[in-house]
Amino acid sequence: MTPTTFSICAAFMISMTGLAFHRIHLLSALICLEGMMLSIFVGLSTWCLQTQSMLLTLSPMTLLTLSACGAGTGLAILVATTRTHGSDSMQNMNLLQC
């Protein structure tokens with residue numbers, strides 16, 4: 001395993017560990033999700049550069065676009081829950097209530 005591959009996998013695993021164990025606030029969960037998406041983006045970009053395939057060069061940009069849309073949606077949910085509940089704490093939110 002090359003150092004680049006190890007760094008990308010380690011960044012993904014650290015973000016996944018943070019998402020699994022530190023879900024106190026919604027903002028920390030969103031930051032961990034962004035870390036996972038960015039490590040996937042870097043891994044996909046380096047894979048496209050190593051294979052030198054022109055067909056796959058659009059894949060990282062598509063992933064980055066979808067990641068930006070997901071981040072915007074997550075921030076909109078964060079603002080909405082902060083306005084209604086007064087905090088972004090995950091313990092205050094109950095998905096069964098309207």
Can you list, pair by pair, the side-chain donor-acceptor contacts under 3.5 Å of residues 48-58, counting residues two or more places apart and other chains?
unit_1	atom_1	unit_2	atom_2	d
Thr51	OG1	Trp47	O	3.1
Thr51	OG1	Cys48	O	3.4
Ser53	OG	Leu55	N	3.4
Thr57	OG1	Met54	O	3.1

Quiz: residues 12-19 side-chain donor-acceptor pairs under 3.5 angstrom, not counting sequence neighbours:
unit_1	atom_1	unit_2	atom_2	d
Ser15	OG	Ala11	O	3.1
Thr17	OG1	Met13	O	2.7

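Among all heavy-atom pairs drawn from Val42 and Ile8, the shortest one is CG1-CD1, 3.9 Å. Residues Leu30 and Leu78 approach most closely at CD1-CB, 4.3 Å, considering heavy atoms. Shortest non-hydrogen contact noted between Ala71 and Glu34 is CB-OE2, 3.2 Å.
Residues Ile77 and Leu75 fall within the same hydrophobic cluster, defined by Ile, Leu, Val, Met, Phe, Trp and Tyr side chains chained together at heavy-atom separations under 4.5 Å.
Side chain of Ser28 to main chain of His22: a donor-acceptor pair is present (N/O by atom type, distance under 3.5 Å, no hydrogens or angles). Although no hydrogens or angles enter the test, the distance criterion places a donor-acceptor pair under 3.5 Å between the side chain of Thr65 and the main chain of Met61.
Interatomic distance, CG of Leu38 versus CD1 of Ile31, reported as 11.5 Å (0.5 Å rounding). Interatomic distance, CG of Leu63 versus CZ of Phe41, reported as 7.5 Å (0.5 Å rounding). If you take CG on Leu27 and SG on Cys32, they are separated by 9.5 Å, rounding to the nearest 0.5 Å.
A search for side-chain hydrogen bond (donor to acceptor under 3.5 Å, both in side chains) contacts involving Thr73 returns nothing, not counting sequence neighbours.
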